[in-house]
Amino acid sequence: MTTAPTADQAMQQFEHTTSRWGRLTMSAVLITSLAAPILLLILGDFGVTFNQLLTAYLAVAAVYLVLAIVEPITYFPILGQAAMYQAFMIGNIANKLLPAAIVAQNRVAVRPGSRQGDLVAVMAICGAAVVHVVSLLLFVGIFGTWLLSVVPEPVIEVAQLYILPSILGAVVVQALITVKQARSALFAAAASLFVVFALVPLVPAVGAFGVAIVVLLTILASWFLRNKAHDDRLNRPETPEAGQD
Amino acid sequence: MDPATSTDIWSVAQSPLLWICALAVFGIICLQSWIYVRAAKRAGEGVGISRGDLNRAFRSGAVASVGPSLAVVLVAIALLTLFGTPAVLMRIGLVGSAATETASATIAADTMGASLGGPEWTQQVFVVAFFAMCLSGAAWMVITLLFTPLLKRGGNKLSRVNPAAMTIIPGAALLAAFMALTAMELPKSWIHVIAVLVSGAVMAVLMAIATKLNIGWLKEWALGLAIIVGLFVTYFVHHG
């Protein structure tokens, strides 16, 4: 009998393909991005010592290594396995890829975290990736120096300073409309205000963990203070879901 | 010319080798997207989502990222004179942002007693800074490659114990991440507060109109419009 694949099988195959190729493509980008400076150092004669390289890296790592560890863990519950290999390769997660995923989930009316939601997010991130690559190649790669000469300095200055708040304000509103979890939204708002205006000013060292702490607090509060009436409804219908790995 | 004293960054930064690496990276990103689109379309039927909806999702994602992409372009071109084209493409095009990369380069240059774009910003300093930026950016990918399979296993276990977890946690995490990121912008200056409020208000109005009159394309373009209005207003507040 050749029936259409069940949801479980279809999703399993999707996870299999995307995790295998996601890892492969990400590894290829990882190697290429490291090969660039290393080949430059080997082929050119810059008189740079190993110590200089190590010192420079350690100084940068002291600031950013913690973020590099915390961010992938923080974003995993939002992105899911497949999109992780897209997002942490392309970057621009909060200002481009996730907003694109939220817009698409809202447009197609699917819930984030559901199977349909995951597929829609992956498609949206693919669309965003194409625009990302084309816009950078075209407007930075080819016309970049020309653009720099015609765009007035004050415009670039404003873009540099206020690009992030101008994106985030809109994305929060769109996320609220798309996710439709009023309780979680309240917990998230309370946790954000607490961390940004109380915790970080008191203990500046937690700064790098700010988003992660808010995410953790919100997940815990949303989970333990959830409307438990929903659980029974969800637990009853066929739920050998994701039963095998 | 001695690389320790030459400030002619572009003769190094525009080397064909760096261009090849930058284009290779972009090629791999496209290849990955192509594989993912095919996999999603194959799974769509079984999961109960139509091809039309998946295509609409792709288009929505593309349209929604036009605004943010153009904003990123404006910031990226400002870095061209410092790093040259391929290095900017590689660092902004991959995990990382203009702010992160500028800060990383500043820190790295500082260890050699130089400042970004200053008279000591020599070929030698540039190469060291570029190396430090690439290695630092690689950490995100290494951690993702190491941790994603582990986190996936944890997620599977959790959804087996209680399926309700998967209906609550992703949405809660999404709201939390964006509210936290937004809240962090607020203390920076009162113009940041205005930017957040204006772009949020524009989005709310556009979404209300789009839902009421059932205008699909407006839902896709709303983000771009909100960003433009937000930057427009802050331009006049900042320079006015």
Side-chain angles (χ1 to χ4, degrees), chain A residues 5 10 14 17 21 25 30 36-37 46 55-57 59-60 68 72 76-78 81 84 88 91 96 100 103-104 107-108 113 115-116 119-120 123-124 126-129 131 135 139-140 144 148 158-159 162-163 165-166 168-170 173 179 181 184 188 192 196 211 214-215 218 222 231 234, chain B residues 3 21 26 32-33 35 39-40 43 46-47 49 53 57-58 60-62 64-65 68-69 71 73-74 76-77 95 104 107-108 111 127-128 130-132 134 136 139-141 143-144 148 151-152 164 170-176 179-180 182-183 185 192 195-196 199-200 203 226 230 234-235:
Chain A
F14 173 77
T17 309
W21 285 97
T25 44
L30 176 63
F46 295 99
T55 312
Y57 170 67
V60 175
F76 178 83
I78 305 171
Q81 179 178 243
M84 281 291 280
F88 283 98
K96 193 183 285 187
V103 168
R107 177 76 173 93
V108 183
R115 286 165 163 169
Q116 290 95 330
L119 290 187
V120 163
M123 288 298 281
C126 288
V131 171
S135 69
F139 296 124
V140 178
L148 187 61
V158 165
Y162 307 115
I163 176 179
S166 298
L168 288 173
V173 171
V179 174
Q181 288 175 218
S184 301
S192 300
V196 172
V211 178
V214 173
V215 168
T218 308
S222 304
D231 284 20
L234 277 159
Chain B
C21 289
F26 280 36
Q32 188 199 53
S33 294
I35 294 168
V47 175
I49 184 157
D53 274 348
F58 183 90
S60 299
S65 65
S69 291
V73 164
L74 278 183
I77 57 173
V95 64
S104 302
I107 296 166
T111 64
V127 173
V128 171
F130 183 53
F131 172 83
C134 289
S136 169
W140 272 266
M141 290 188 261
I143 298 294
T144 302
T148 304
L151 291 165
K152 171 72 180 166
L174 183 72
L175 288 169
M179 287 202 182
T182 308
E185 293 298 310
H192 283 78
V196 167
S199 101
M203 175 60 90
T234 50
Y235 180 89

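Computation of the quantities below employed the complete heavy-atom set of this structure, encompassing side-chain atoms and omitting hydrogens, waters and symmetry-equivalent molecules. In the text below, chain A, chain B and the rest are named by the order of the sequence lines, each starting its count at 1.
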Participant: Please give me the minimum heavy-atom distance between B/Ser65 and A/Val131, naming the atom from each residue.
Facilitator: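 Looking at all heavy atoms of both residues, the shortest contact is OG-CB, 3.4 Å.
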Participant: Please look at A/Phe139 and chain B and tell me whether the side chain, the backbone, both or neither of the residue comes under 4.5 angstrom of a heavy atom of that chain.
Facilitator: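 Contact with chain B: backbone and side chain both.
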Participant: CD1/B/Ile49 to CZ/A/Arg115 distance, rounded to the nearest 0.5 angstrom?
Facilitator: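 Here the rounded value is 13.0 Å.
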Participant: Can you say whether A/Val60 sits under 4.5 Å from chain B via the side chain, the backbone, both, or neither, judging by heavy atoms?
Facilitator: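 Backbone plus side chain of A/Val60, per the 4.5 Å heavy-atom cut-off to chain B.
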Participant: Working to the nearest 0.5 angstrom, can you tell me the gap between B/Leu174 CG and A/Thr218 OG1?
Facilitator: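 Result: 11.0 Å between the selected atoms.
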Participant: Under a 4.5 Å cutoff for heavy-atom pairs, which residue among A/Ser184, A/Cys126, A/Ala100, A/Gly144 has the most contacts with chain B?
Facilitator: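 Between A/Ser184, A/Cys126, A/Ala100, A/Gly144, the count favours A/Cys126.
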Participant: Against chain B, work out which of A/Ala159, A/Ala128, A/Ser135, A/Gly113 has the most heavy-atom pairs shorter than 4.5 Å and name it.
Facilitator: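 Option with the greatest count: A/Ala128.
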Participant: So which residue, B/Ala173, B/Ser136, B/Ala108, ends up with the most heavy-atom pairs under 4.5 Å with chain A?
Facilitator: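 That would be B/Ala173.
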Participant: Taking every non-hydrogen pair under 4.5 Å, which of B/Ala172, B/Ala132, B/Ala71 racks up the most with chain A?
Facilitator: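 So the answer, after comparing B/Ala172, B/Ala132, B/Ala71, is B/Ala172.
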Participant: Does the side chain of B/Glu185 come within less than 4.5 Å of A/Tyr162's, by heavy atoms?
Facilitator: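 Counting from C-beta outward, A/Tyr162 and B/Glu185 never come under 4.5 Å.
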Participant: Count the heavy-atom pairs under 4.5 Å between each of B/Ser33, B/Ala64, B/Gly230 and chain A, then report the option with the highest count.
Facilitator: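 When all of B/Ser33, B/Ala64, B/Gly230 are compared, B/Ser33 has the most.
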Participant: Check whether B/Ser199 gets within reach of chain A through its side chain, its backbone, both or neither, counting any heavy atom under 4.5 Å.
Facilitator: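 B/Ser199 touches chain A through backbone and side-chain heavy atoms alike.
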Participant: With a 4.5 angstrom heavy-atom cut-off, is it the side chain or the backbone of A/Val214 that approaches chain B, or both, or neither?
Facilitator: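 Both backbone and side chain of A/Val214 come within 4.5 Å of chain B.
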Participant: Among A/Gly169, A/Pro165, A/Pro72, A/Ala104, single out the residue with the greatest number of heavy-atom pairs under 4.5 Å to chain B.
Facilitator: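 Highest number of pairs under 4.5 Å: A/Pro165.
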Participant: As an exercise, state the distance from OH of A/Tyr57 to OG of B/Ser104, rounded to the nearest 0.5 Å.
Facilitator: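 Between atom OH of A/Tyr57 and atom OG of B/Ser104 there are 10.5 Å.
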Participant: So which of B/Ile107, B/Thr111, B/Ile77 has the largest heavy-atom pair count under 4.5 angstrom toward chain A?
Facilitator: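 Of the candidates given, the most pairs with chain A belong to B/Ile77.
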Participant: Provide the closest heavy-atom pair for A/Val140 versus B/Ala76 in the form atom of the first, atom of the second, distance.
Facilitator: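 What the structure gives for the nearest pair is CG2-CB, 4.0 Å.
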Participant: Over all heavy atoms of both residues, which pair between A/Val196 and B/Ala180 is shortest? Give the atoms and the distance, please.
Facilitator: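 Closest approach of A/Val196 to B/Ala180, heavy atoms only: CG2-O, 4.3 Å.
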Participant: So which of A/Ser192, A/Ala124, A/Ala170, A/Ala129 has the biggest tally of heavy-atom pairs under 4.5 Å with chain B?
Facilitator: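 Max contact count across the listed options: A/Ala170.
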Participant: Could you check whether atom CZ of A/Phe46 has more than 12 heavy atoms from other residues, nucleotides or ligands sitting under 6.0 Å from it?
Facilitator: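 Result for CZ/A/Phe46: enclosed.
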Participant: Can you tell me which of A/Met84, A/Gln116, A/Gln181 forms the most heavy-atom pairs within a distance under 4.5 Å of chain B?
Facilitator: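 When all of A/Met84, A/Gln116, A/Gln181 are compared, A/Gln181 has the most.
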Participant: For chain B, which candidate among A/Ala59, A/Ser222, A/Ala188 shows the most heavy-atom pairs at distances under 4.5 Å?
Facilitator: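 Looking at each of A/Ala59, A/Ser222, A/Ala188 in turn, A/Ala188 comes out on top.
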Participant: Just wondering, do A/Leu119 and B/Val47 contact through their side chains at under 4.5 Å, heavy atoms?
Facilitator: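 Sidechains of A/Leu119 and B/Val47: in contact.
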Participant: Mind checking what makes side chain to side chain donor-acceptor pair (under 3.5 Å) contact with B/Ser69, not counting sequence neighbours?
Facilitator: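 With sequence neighbours excluded, B/Ser69 shows a side chain to side chain donor-acceptor pair (under 3.5 Å) to A/Lys96, given in chain and number order.
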Participant: Side chain, backbone, both or neither: which part of B/Ile35 has a heavy atom under 4.5 Å from chain A?
Facilitator: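 Just its side chain gets close to chain A.
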Participant: Out of B/Leu175, B/Leu74, B/Ile143, return the one with the most heavy atom pairs under 4.5 angstrom to chain A.
Facilitator: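 Looking at each of B/Leu175, B/Leu74, B/Ile143 in turn, B/Leu175 comes out on top.
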